[in-house]
Amino acid sequence: MRPLTEEETRVMFEKIAKYIGENLQLLVDRPDGTYCFRLHNDRVYYVSEKILKLGANISGDKLVSLGTCFGKFTKTHKFRLHITALDYLAPYAKGFGVAAKSTQDCRKVDPMAIVVFHQADIGEYVRHEETLT
């Protein structure tokens with residue numbers, strides 16, 4: 001488990017900033033302690049410094065995970081967010097939606113057409129699977 005390089009940090013923060021904007025600083029400096037991002041096996045973990053110090057006693061080859069997996073770097077060095085990061089990003093979100101149609105198409109589309117995909121639906125489904133009818 002190692003700290004992210006400058007390039008990895010930049011790529012990851014650009015991706016997260018698309019969803020939470022300037023609230024990125026609130027992820028690191030939280031009122032309940034300082035949190036940091038660490039890389040292990042191409043996966044980025046969000047972990048408190050207190051837990052990180054405790055995890056330093058475990059060798060890297062025996063460590064499976066530490067903290068919450070925020071995402072992973074692909075072989076082409078792109079960063080992909082995982083669904084486990086949703087609980088931490090949702091309070092600061094600018095909105096989890098992607099337009100499915102262009103602005104011109106939205107003006108003349110029928111009322112039942114899908115205009116925006118709500119990306120948080122998958123996480124909501126997993127968390128509330130028992131209560132859905």
Side-chain angles (χ1 to χ4, degrees):
M1 182 149 297
R2 66 169 176 81
L4 278 71
T5 63
E6 289 290 326
E7 180 65 20
E8 292 168 341
T9 303
R10 184 188 60 77
V11 170
M12 184 189 72
F13 281 175
E14 284 177 358
K15 177 68 112 176
I16 294 173
K18 289 180 183 177
Y19 297 105
I20 64 174
E22 298 299 318
N23 293 328
L24 186 61
Q25 186 65 32
L26 298 174
L27 283 177
V28 179
D29 296 327
R30 292 178 34 174
D32 58 336
T34 304
Y35 282 70
C36 58
F37 294 98
R38 290 292 187 256
L39 187 75
H40 184 66
N41 294 337
D42 290 331
R43 297 187 189 280
V44 176
Y45 292 94
Y46 180 65
V47 61
S48 72
E49 288 189 350
K50 189 185 305 182
I51 300 293
L52 185 64
K53 289 177 185 174
L54 294 172
N57 297 330
I58 302 170
S59 65
D61 58 334
K62 299 206 186 297
L63 185 67
V64 177
S65 72
L66 185 68
T68 302
C69 184
F70 244 60
K72 72 176 211 163
F73 283 100
T74 63
K75 292 180 181 177
T76 59
H77 301 291
K78 293 180 182 175
F79 184 72
R80 303 275 187 229
L81 281 171
H82 283 188
I83 195 166
T84 53
L86 192 61
D87 287 335
Y88 294 96
L89 298 178
Y92 310 114
K94 297 188 302 185
F96 281 98
V98 175
K101 299 192 180 299
S102 68
T103 306
Q104 296 294 336
D105 292 339
C106 291
R107 291 183 180 147
K108 54 187 169 194
V109 73
D110 67 288
M112 297 303 290
I114 295 175
V115 176
V116 174
F117 296 121
H118 184 64
Q119 292 179 340
D121 280 345
I122 296 170
E124 289 170 0
Y125 176 77
V126 171
R127 286 190 303 275
H128 303 292
E129 188 174 7
E130 300 84 28
T131 60
L132 293 175
T133 57

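The model shown is predicted, which means the values in this text are computed figures rather than measured ones. Any value given below was found using the heavy atoms of this structure, including those in side chains, with hydrogens, waters and symmetry copies removed.
Ring geometry for F70 versus Y46: interplanar angle of 30 to 60°, hence tilted.
Within the 4.5 Å cutoff, no side-chain heavy atoms of E7 are placed close to those of H77. Taking the side chain as every heavy atom from C-beta outward, L24 and Y92 never approach each other to under 4.5 Å. Looking at heavy atoms from C-beta onward, L89 lies in side-chain contact with L81 at the 4.5 angstrom threshold. The shortest side-chain heavy-atom distance between M1 and L66 falls under the 4.5 Å cut-off. Put simply, the side chain of L27 does not reach to within 4.5 Å of the side chain of Y35, judged on heavy atoms.
For the pairing with R10, the side chain to side chain donor-acceptor pair (under 3.5 Å) check across E14, E8, E6 returns one residue only, E14.
Residues L26 and Y19 are members of one and the same hydrophobic cluster, defined by side-chain heavy-atom contacts under 4.5 angstrom among Ile, Leu, Val, Met, Phe, Trp and Tyr. Two different hydrophobic clusters hold V47 and F79 under the rule that ILVMFWY side chains link at heavy-atom gaps under 4.5 Å. No path of Ile, Leu, Val, Met, Phe, Trp and Tyr side chains, each step under 4.5 Å between heavy atoms, connects L39 with I58, placing them in separate hydrophobic clusters.
In this structure, the separation between CG on L86 and CD1 on I83 is 6.5 Å, given to the nearest 0.5 Å. Note that the OG1 atom of T9 and the CD1 atom of I16 stand 10.0 Å from one another [nearest 0.5 Å]. To the nearest 0.5 Å, the span separating CZ on F37 from CG on L52 amounts to 13.0 Å. The NZ atom of K72 sits 5.0 Å away from the CZ atom of R43 when rounded to the nearest 0.5 Å.
A salt bridge is absent between K53 and E49: the closest approach of a Lys/Arg side-chain nitrogen to an acidic carboxylate oxygen does not fall below 4.0 angstrom.
Between the side chain of T84 and the backbone N or O of T68 there is no donor-acceptor pair closer than 3.5 Å. When atom types are taken as modelled, the side chain of H40 and the backbone of L63 share a donor-acceptor pair closer than 3.5 angstrom.
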